Amino acid sequence: MLLLMCMRNYKQALWRGQVNDYSLSGLQGKELHDLTVGVMGTGNIGRTFVQLLSGFGCRILAYDLHENEDVKKYATYVDKDTLLKESDAMSLHLPLFESTYHLINKETIQKMKDNVILINCSRGELIDTEDIIEAIESKKIGALGLDVIEGEEGITHIDHRSDILSNKNMAYLHQFPNVIMTQHMAFYTNTAVKNMVKSGIKGIIEMANQ
């Protein structure tokens, strides 16, 4: 969803529509089937994302230390630098380890194509926020879709309309017309919540029976 919205400049279109501005200037988007999409991390979520992408007919590159045979049906595994250099759009689906902390930084951003689209629904700390802001300001990053951001603890999932936010980078990112931010809700579906409850109850029962 975030990828498609970023590609079609939907944030700007939504803003205009709310004030009855239905002009098209500056809203011309891209077709997904014309792009190369890089997927970093091909675990359960990354694999599903690759499968969904395949229906759009785009070229898909994948990077993971452990290659998945199912993913190979739809994507080509490459090294990290190749994925960074050849992707028109990238989506992160990696766990947070010491080795992945600030994986997206000045050095890796410089290897990316100009006007690249970057999506992160995984862990906020995968991206160095200061560096990504600089890349947006310089127009190296063409669009950014975030469901997570570093320093979101104590902010997301809470109504702060009457508060002053302590995360100035988060507040600053909100004002860019090419940045879409959701409130850490990519997981929040009826099915996912049911599964979390069932898994929690199952774990409690298993612990009680030990």
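Source: prediction; values computed, not measured.
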- Not counting sequence neighbours, list each pair that qualifies as a salt bridge (Lys or Arg N to Asp or Glu O under 4.0 Å) and has a residue in residues 191-210. none
- salt bridge (Lys or Arg N to Asp or Glu O under 4.0 Å) contacts touching residues 160-177 (sequence neighbours left out): D159-R161
In terms of heavy-atom contacts, does [atom1] of [X] have more than 12 from other residues, nucleotides or ligands at under 6.0 Å?
X: E86; atom1: CD; answer: yes
X: H33; atom1: NE2; answer: yes
X: K72; atom1: NZ; answer: yes
X: E153; atom1: CD; answer: yes
X: Y188; atom1: OH; answer: no

- Query: Is I104 close to M112 at the side-chain level, that is, under 4.5 Å between some pair of heavy atoms?
  - Reply: yes
- Query: Is there a side-chain contact between L146 and I132, using heavy atoms and a 4.5 Å cut-off?
  - Reply: no
Hydrophobic side-chain clustering at under 4.5 Å (ILVMFWY, transitive links): who's grouped with [X]? Put none if nobody.
X: I45; answer: none
X: I164; answer: none
X: F49; answer: M1, L2, L3, L4, M5, M7, Y10, L14, L32, L35, V37, V39, V50, L53, F56, I60, V71, Y74, Y77, I117, I119, I180

Counting N and O atoms only, with roles assigned by atom type, does the side chain of [X] sit under 3.5 Å from a partner on the main chain of [Y], one being a donor and the other an acceptor?
X: K80; Y: T108; result: no
X: S122; Y: L94; result: yes
X: D131; Y: N105; result: no
X: H160; Y: G154; result: yes

Search all heavy atoms of [X] against all heavy atoms of [Y] and return the closest pair with its distance.
X: E152; Y: N167; value: N-ND2, 4.2 Å
X: L83; Y: S87; value: O-OG, 2.7 Å
X: M185; Y: D147; value: N-OD1, 2.8 Å
X: I109; Y: A135; value: CG2-CB, 3.8 Å
X: W15; Y: F176; value: CH2-O, 4.4 Å
X: A62; Y: A75; value: CB-CB, 4.2 Å

Kindly compute the distance separating [atom1] ([X]) from [atom2] ([Y]), expressed to the nearest 0.5 Å.
X: T129; Y: L173; atom1: OG1; atom2: CG; answer: 7.0 Å
X: C58; Y: K30; atom1: SG; atom2: NZ; answer: 13.5 Å
X: S91; Y: L118; atom1: OG; atom2: CG; answer: 8.0 Å

Qualifying residues under side chain to side chain contact (heavy atoms under 4.5 Å, CB included), relative to [X], sequence neighbours excluded:
X: H102; result: D128, E150
X: L96; result: T100, Y101, R123, E125, L126
X: I201; result: V197, I205
X: D21; result: R16, V19, S23

- Query: Applying side chain to side chain donor-acceptor pair (under 3.5 Å), which residue pairs with at least one partner in residues 171-181 are found, sequence neighbours left out?
  - Reply: E137-Y172
- Go through the steps for I149 and I155 under the test side-chain contact (heavy atoms from CB on, under 4.5 Å), then give the verdict. CA-CA 10 Å; I149 185 172; I155 297 178; over 6 Å; no
- Task: Could I get the full list of salt bridge (charged side-chain N to carboxylate O under 4.0 Å, His left out) partners for K73, not counting sequence neighbours?
- Result: D70
- Note on the structure: Those residues at least two apart in sequence (or on a different chain) that pass salt bridge (charged side-chain N to carboxylate O under 4.0 Å, His left out) with D114 are K140
- Answer with yes or no whether the hydrophobic clustering places L27 together with Y22; edges join I, L, V, M, F, W, Y residues whose side-chain heavy atoms lie under 4.5 Å apart. no
- Task: Identify whether V148 and M181 are in the same connected component of the hydrophobic contact network (ILVMFWY, side-chain heavy atoms under 4.5 Å).
- Result: no
